[in-house]
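Nothing here was measured: the structure is a model prediction, and the numbers come from that model.
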Amino acid sequence: MKIRKAIIPAAGLGTRVLPASKAIPKEMLTIVDKPAIQYIVEEAVHAGIEDILIITSRGKGMIEDHFDRSPELEERLSATAKGTQCDEMVEIANLANIYYLRQKEMLGLGHAVSCGRSFVGNEPVAVLYGDDVILGETPAIGELMAAYEEFGVGIAGVKPVPRADLPRYSSLKLEEIRHRVHRITDMIEKPAPGEEFSNYSILGRCVLPPEIFDILDEIPRGSGGEYQLTDAMRVLAVNQGMIGVEYAGTRYDMGSKLGIMMANVETALAHCEIGADFRAYLKKLAKDL
């Protein structure tokens, strides 16, 4: 079945990037000249997604404003002969059919995804985590969607992480099928030392069958007292099997200050307007480090 719909959970408080996230949703923090969530929406659109549900929370109306039309701004840009910029602003509003739903309580990623049940219906759904921007030549979620069409089971975007970081992520039990494609048979969220299966974790992207919603209705609260999406995916992995795909793009953790700076520096170096000047600046700066 063609995957047409995506959920972007973007309701988190962003405590790791305070004080910036006190006034600005962390998803609206910029990478050079675009907010992080625009990169995520564009990735979904480039992969063929038509309908996107963004799960928000109180105080995140700025996200809706960004993907809306702004007639006053468009008129000003047109009047000052900045037609290209005006076209860019209109294009943002027309990227996809974007819908919004508030997660009224912060009960975890699993709960956030379950809020999208009526939006998804009886279809598979792509899930793009709002904290994770993945940049590369091929949309990461598109690689997972292709794997879903091939295998017909849940697909997780996976990457190896340093073992010291596993308590912040998940740990997967897997077997290699071919290069960058693995069969997942078990997983654990935020493992304690000694509980790890491997140093592979689910990072930022997954494609899930509609059965995930019944599972989310049944799982108990997990790590941190929240409903963990990983716990629901474990049920899928054990009962139906799941596939892990090592996507080719580079992931940036936009929930961390270091991740934000890495994304900005590396994107600025490749930017068509400022790339050359920024590279020269960095080379000059590096001499004094």
| request: Treating Ile, Leu, Val, Met, Phe, Trp and Tyr as nodes and any side-chain heavy-atom pair under 4.5 angstrom as an edge, say whether Val207 and Val245 lie in one connected cluster. | output: yes
| Neighbour count above 12 (heavy atom, 6.0 Å) for Met261 CE | no
| What's the verdict on ring-ring contact (aromatic ring centres under 6.0 Å, His included) for His271 and Phe278, showing C-alpha distance, side-chain angles and the deciding distance? | CA-CA 9 Å; His271 197 279; Phe278 187 66; over 10 Å; no
| Which value, rounded to the nearest 0.5 Å, describes the distance between Tyr252 atom OH and Leu135 atom CG? | 5.5 Å
| said: Closer than 3.5 angstrom, by distance alone: can the side chain of Ser201 be matched with the main-chain N or O of Leu203 as a donor-acceptor pair? | reply: no
| task | Could you tell me the separation between the CG atom of Leu128 and the CD1 atom of Ile134, rounded to the nearest 0.5 Å? | result | 7.5 Å
| message | Would you say Met254 ends up clustered with Ile37 if hydrophobic residues are merged whenever their side chains have heavy atoms under 4.5 Å apart, either directly or through other cluster members? | response | yes
| Is Glu143 salt-bridged to Arg180, cutoff N-O under 4.0 Å? | yes
| query | Got Leu229 and Asp231 here, is their nearest side-chain heavy-atom distance under 4.5 Å? | reply | no
| query | Hey, are the side chains of Thr185 and Leu174 touching, using non-hydrogen atoms and a 4.5 Å cut-off? | reply | no
| query | Is there a path of hydrophobic side-chain contacts, each under 4.5 Å between heavy atoms of I, L, V, M, F, W or Y residues, that connects Ile215 with Phe119? | reply | yes
| message | Taking Arg234 first and then Glu189, would you say they form a salt bridge - that is, a charged N and a carboxylate O separated by under 4.0 Å? | response | no
| query | For the side chain of Lys60 and the backbone of Gly12, is there at least one donor-acceptor N/O pair under 3.5 Å apart? | reply | yes
| request: Considering non-hydrogen atoms only, spot the tightest contact between Ile31 and Tyr39 and give its length. | output: O-OH, 3.0 Å
| said: Go through it in stages, so that I can follow the logic: the residues are Glu27 and Met62, the test is side chain to side chain contact (heavy atoms under 4.5 Å, CB included), and I'd like the CA-CA distance, side-chain angles, deciding distance and then a yes or no. | reply: CA-CA 10 Å; Glu27 298 83 6; Met62 190 181 295; over 6 Å; no
| query | Does Asn94 reach the side chain of Ile92, with side-chain heavy atoms less than 4.5 Å apart? | reply | no
| remark: Looking only at heavy atoms, the pair that brings Ile8 and Gly130 closest together is CG2-CA, 4.2 Å
| Asp165: what forms a side-chain contact (heavy atoms from CB on, under 4.5 Å) with it, not counting sequence neighbours? | Pro162, Arg168, Tyr169
| query | Can you name the nearest heavy-atom pair linking Leu53 to Gly116, along with the distance? | reply | CD2-CA, 3.6 Å
| Would His111 and Glu226 count as having a side-chain donor-acceptor pair, cut-off 3.5 Å? | no
| query | Hey, are the side chains of Ile243 and Ile177 touching, using non-hydrogen atoms and a 4.5 Å cut-off? | reply | yes
| Value rounded to 0.5 Å, distance of CG in Asp131 from CZ in Arg251 | 8.5 Å
| Atom CG in Asn97, atom CG in Asp51: separation rounded to 0.5 Å? | 5.0 Å
| query | Is there a chain of hydrophobic side chains (I, L, V, M, F, W, Y, each step under 4.5 Å between heavy atoms) that links Ile141 to Val153? | reply | yes
| field | Among Arg16, Lys159, Lys26, salt bridge (charged side-chain N to carboxylate O under 4.0 Å, His left out) partner for Asp253 | value | Arg16
| task | Please lay out, stage by stage, how Ile54 and Ile7 fare under the test side chain to side chain contact (heavy atoms under 4.5 Å, CB included). | result | CA-CA 6 Å; Ile54 301 178; Ile7 294 174; over 6 Å; no
| said: Working to the nearest 0.5 angstrom, can you tell me the gap between Tyr100 OH and Ile52 CD1? | reply: 9.0 Å
| field | Any donor-acceptor pair under 3.5 Å from Ser256 side chain to Gly259 backbone | value | yes
| request: For the pair Arg117 and Asp214, find out whether any cationic side-chain nitrogen is under 4.0 Å from an anionic carboxylate oxygen. | output: yes
| Distance in Å, Lys104 NZ paired with Thr56 OG1, rounded so as to fall on 0.5 Å steps | 9.0 Å
| message | For a 4.5 angstrom cut-off between non-hydrogen side-chain atoms, does Cys86 reach Thr84? | response | no
| query | For the side-chain hydrogen bond (donor to acceptor under 3.5 Å, both in side chains) test, which of Glu42, His66, Glu88 pairs with Lys34? | reply | Glu42
| query | Between Gly48 and Lys2, which heavy-atom pair has the shortest distance, and what is it? | reply | O-NZ, 4.0 Å
| message | Could you check whether any side-chain heavy atom of Gln228 comes within less than 4.5 Å of a side-chain heavy atom of Met233, counting everything from C-beta outward? | response | no
| query | Should Val113 and Phe213 be marked as a side chain to side chain contact (heavy atoms under 4.5 Å, CB included) after you check the CA-CA gap, both sets of side-chain angles, and the distance that decides it? | reply | CA-CA 8 Å; Val113 171; Phe213 293 103; 4.3 Å; yes
| request: Using modelled atom types only, decide if a donor and an acceptor are shared between the side chain of Lys173 and the backbone of Ile188 within a distance under 3.5 Å. | output: no
| field | Carboxylate-amine/guanidinium proximity below 4.0 Å for Glu123 and Lys5 | value | yes
| query | Judged by atom type as modelled, is there a donor-acceptor pair below 3.5 Å linking the side chain of Glu64 to the main-chain atoms of Gly61? | reply | no
| field | Polar side chain donor-acceptor pair, Ser171 to Glu196, under 3.5 angstrom | value | no
| field | Glu75 atom CD, neighbour heavy-atom count above 12 within 6.0 Å | value | no
| query | What's the shortest heavy-atom distance between Thr230 and Ser170, and which atoms? | reply | CG2-CB, 4.2 Å
| message | Contact between Leu282 and Leu269 at the side-chain level, heavy atoms closer than 4.5 Å - yes or no? | response | yes
| task | Identify the two heavy atoms, one from Cys115 and one from Gln103, that lie closest to each other, and give their separation to 0.1 Å. | result | SG-CG, 4.5 Å
| field | Verify same cluster id: Phe197, Leu166 (apolar side-chain graph, 4.5 Å) | value | no
| said: With a 4.5 Å cut-off on side-chain heavy atoms, are Leu77 and Met89 touching? | reply: yes
| request: Run the salt-bridge test on Glu176 and Arg183 with the 4.0 Å N-O cut-off and return the result as yes or no. | output: no
| Partner of Val41 by side chain to side chain contact (heavy atoms under 4.5 Å, CB included), out of Ile49, Ile63, Ile98 | Ile98
| message | Under the criterion side chain to side chain contact (heavy atoms under 4.5 Å, CB included), I'd like the reasoning laid out for Arg205 against Glu43: C-alpha separation, chi angles, the key distance, then a yes or no. | response | CA-CA 11 Å; Arg205 303 290 184 268; Glu43 177 191 335; 2.8 Å; yes
